[in-house]
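Take a look at the structure set out below.
Values reported hereafter were calculated over all heavy atoms of this structure, with side chains retained and with hydrogens, waters and symmetry mates removed. Numbers restart at 1 for each chain; the letters A, B, ... are given by sequence-line order, proteins then strands.
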Amino acid sequence: MNKKIISGFAIAAAATLALGAVATAPANAATKTVKLAYQGPLTGGAAALGQDQIPGAIWAIDQYNRTNPAVKIELVKADAQCDGTVAANIAPGVAADKAIIGVIGTACSGEARNSFPAYKAAGLTMVAPSASAVDLTDRKSKANGFPIFHRVVANDSFQGPALARYAASGVASPKYYLVDDQSPYGAPLIKVDVTPTAKKNGTIVGTDSVAQKTADWSSVVAKIKASGANIVIFGGYDYDAGPFVKALRAGGYTGIFGGGDGINTSDFVKLAGGKTIAEGVRMTAASVPLATLLKPDQLADFTKVTGVKVPGLYAETAWTAANVFIQCIKAGKLTRPAIQVCVNSGSFTAADGSKFKFDRYGDPTTAAAVGGWVVKDGEIIYDKVA
Amino acid sequence: MNFSVLTSQFWSLAFQGLALGLIYSLVSLGYTMVYGVLRLINFANSEVFMVGTFSVLYLQVYILRIPIGDPALHGIKLIAYLALSLIGSMIVCALLAIVVELVAYRRLRARGANRLASLISAIGVSIALLEGFSMITGARGKIAPRLLDKWSFGEVAGANFRIDQVMAIVMPIIIFFLLDQFVTKSRLGKSIRAVSMSEENSKLMGIDINRVITLTFCIGGLTTGAAAFLYTTVYENTVFNVGFNMGIAAFTAAVLGGIGNLRGAFYGGLALGMLEQFASAVLGSQWKSITVFVVLVVILLVKPNGLFGEAVQQTRT
């Protein structure tokens with residue numbers, strides 16, 4: 001008797017499931033959605049970096065979704081605050097969402113390192129718009145992201161020398177003072193990538209390594225003044241660079257101040273205390289302004305979709321990173337393993353229309369040029385290739 | 001090591017160390033005063049400082065409507081706005097310190113709770129304030145307007161006597177002098193000292209213990225508020241976790257000087273500020289914290305009551 005009842009329930013349940021599946025199949029086919037995660041700083045001290053670049057990804061996905069594809073893309077925001085500890089906490093959550101088939105990110109190198117364990121275990125492919133530390137794609141490094149990590153920017157072995165050259169352009173006898181913020185981004189940028197070119201280009205008259213979120217810069221300023229430096233290069237983020245340049249100017253330093261893409265954000269001038277203090281600060285980044293690549297109607301569309309009038313730094317590379325996944329999704333790659341194979345082996349189109357692939361360890365085979373920016377009248381103006 | 005910087009920048013570093021150290025000293029009073037009467041560390045004092053910096057910033061930006069990036073103020077307006085910022089910060093911090101005492105300490109004390117319970121409740125208040133301000137500000141640093149032009153009284157032996165740093169030296173010295181007089185000579189000050197010596201005997205003498213403890217928190221809040229004003233005026237920025245490093249430094253200063261001792265906090269702050277400046281200059285900024293804590297451990301091994309603990313025992317709060 002009991003067996004009959006159980007059998008009856010089993011048949012009824014199976015029939016219900018089968019009917020349900022049949023009934024919902026057409027609807028699912030019409031509205032299939034996959035998710036991409038954007039991981040970067042959307043709040044916290046480095047929020048400007050993420051807030052500047054995420055519109056590029058939003059616009060790329062919106063452009064794709066408007067073509068009424070069979071598979072739509074939803075963007076999920078994962079705010080890691082440019083902090084490795086936060087990234088280590090949120091990455092397992094992103095990896096656990098099976099609908100997420102790729103990560104546009106991370107924005108910061110420290111975030112990337114601490115996200116690797118979760119994403120490698122889940123086979124979740126990453127394409128970073130701005131994480132530029134060399135070891136992320138160094139085959140000899142134990143911290144590399146092989147085989148899931150890729151990036152669409154030149155790494156710091158290109159940015160470092162470019163920064164040393166660009167900061168010294170027009171200076172007859174460069175005397176460098178190099179300062180880093182002890183972070184996974186800033187320390188290698190200065191110690192490994194800027195230093196050799198600075199030595200070749202001029203004289204290094206001093207170095208220092210200052211903890212992040214330092215308030216009192218007076219001892220560093222005193223040393224810089226005593227050294228006779230005419231170029232200060234800082235490896236770190238805008239929230240430290242702002243107060244640092246402010247302290248330098250208040251202490252009477254009149255030479256050049258330069259930094260990498262960590263300080264090249266829309267918040268920098270404000271953090272430095274205004275345009276007078278920030279005037280003339282030189283910056284680099286492995287990106288070009290997206291606005292220079294767009295036609296007026298495209299720029300208007302970008303603004304309409306994102307609400308951002310002028311695309312910020314790395315909006316261009318965020319668009320390219322998103323487009324890598326979009327091209328794979330268009331090719332019918334809708335699972336994590338399929339995406340990984342596609343990204344590792346495919347050929348992709350960048351925002352400037354150029355074609356590129358990734359090498360075995362995730363760097364683009366045709367490295368993007370490093371651009372030089374300068375602060376003029378409170379605006380960060382693209383100057384030239386650094 | 002860069003000893004050459006000592007020859008060219010010695011007085012500059014000493015002057016800046018003095019300014020930084022005296023700001024530490026003011027915050028360390030919030031720890032040392034409370035320790036004096038309760039024998040407990042007020043872990044929420046670092047967040048009282050943080051709230052003080054934000055109160056200065058919000059007062060200047062939203063109430064006094066001073067735009068960021070505008071030229072500094074001058075004349076009567078400057079003096080009035082500085083005074084308002086100082087008073088505002090001191091009032092906010094004093095009120096907050098009193099609330100901390102009522103919430104985290106008094107009820108637990110009245111119920112005879114374990115002393116550790118008060119420590120944890122103070123840490124709880126501290127974390128609540130920290131996370132609250134993290135959410136309010138989006139965890140982003142905030143820039144304060146420039147009230148005071150960074151003009152200099154002149155340069156002597158390489159030291160630039162900048163007005164904001166001179167203020168950061170003179171104001172704490174005045175506050176310490178007044179507080180020292182208050183604690184040693186006034187009736188309320190004597191009550192604080194009596195409670196710090198023996199709570200039981202103070203009760204027998206008719207002293208209202210709760211009133212004295214609240215007053216102690218209030219004084220600690222006032223001095224921390226003054227430090228928050230000076231910090232915001234000199235460095236012109238703040239962030240939700242600004243209290244962490246300041247709290248560690250101020251607590252270290254209190255221990256270095258001899259915790260529970262007013263003059264110890266003063267000298268401890270001075271010693272710490274100087275040590276940080278010279279260690280950063282000679283060894284590099286990355287060695288600053290290591291040097292400070294190695295020196296702290298060595299000093300405590302030699303003098304367990306702190307650097308000036310025994311010499312100024314009579315002024316114990």
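Looking at Gln9(B), only its side chain comes within 4.5 Å of chain A, counting heavy atoms on both sides. For Ala272(A), no part lies near chain B; criterion is any non-hydrogen pair under 4.5 Å. Contact of Asp164(B) with chain A is not made at all, since no heavy-atom distance falls under 4.5 Å. With a 4.5 Å cut-off on non-hydrogen atoms, Val220(A) touches chain B through its side chain but not through its backbone. In this structure, the portion of Tyr231(B) lying under 4.5 Å from any heavy atom of chain A is its side chain and not its backbone.
Among Ser218(A), Gly252(A), Gly45(A), the residue making the largest number of heavy-atom pairs under 4.5 Å with chain B is Ser218(A). With chain B as partner, the option from Ser209(A), Ala226(A), Gly274(A) having the largest number of non-hydrogen pairs under 4.5 angstrom is Ser209(A). In terms of heavy-atom pairs under 4.5 Å with chain A, the best-connected choice from Ser152(B), Ser280(B), Gly17(B), Ala279(B) is Ser280(B).
In this structure, CG in Leu271(A) is found 10.0 Å from NZ in Lys142(B), a value given to the nearest 0.5 Å.
Two residues are said to be in side-chain contact when any heavy atoms from C-beta on lie closer than 4.5 Å; Ile277(A) and Arg146(B) meet this criterion. In this structure, the side chains of Ile143(B) and Lys246(A) come closer than 4.5 Å at one or more pairs of heavy atoms. Counting only heavy atoms from C-beta outward, the side chains of Arg140(B) and Asp267(A) approach each other to under 4.5 Å. Ser285(B) places none of its side-chain heavy atoms less than 4.5 Å from the side chain of Thr214(A).
When atom types are taken as modelled, the side chain of Lys213(A) and the backbone of Asn245(B) share no donor-acceptor pair closer than 3.5 angstrom. When atom types are taken as modelled, the side chain of Asp208(A) and the backbone of Gly284(B) share no donor-acceptor pair closer than 3.5 angstrom.
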Residue pair Ser219(A), Leu13(B): steps toward the side-chain contact (heavy atoms from CB on, under 4.5 Å) verdict: CA-CA 6 Å; Ser219(A) 64; Leu13(B) 290 166; 4.0 Å; yes
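Nearest approach of Arg162(B) to Ala250(A), heavy atoms of both residues: NH1-CB, 3.7 Å. Here the closest non-hydrogen pair linking Thr43(A) and Gly138(B) is CB-O, 3.5 Å. In plain terms, the two heavy atoms of Gln16(B) and Ala222(A) that are nearest each other are OE1-CB, 4.4 Å.
Within a 6.0 Å radius of NZ in Lys270(A), no more than 12 heavy atoms belonging to other residues, nucleotides or ligands are found. Applying the 6.0 Å contact sphere to OH of Tyr253(A) captures more than 12 heavy atoms from other residues, nucleotides or ligands. Crowding of Lys288(B) atom NZ: a count of heavy atoms from other residues, nucleotides or ligands under 6.0 Å exceeding 12.
Looking at Gln277(B) and Asp216(A), their side chains do bring a donor and an acceptor atom within 3.5 Å of each other.
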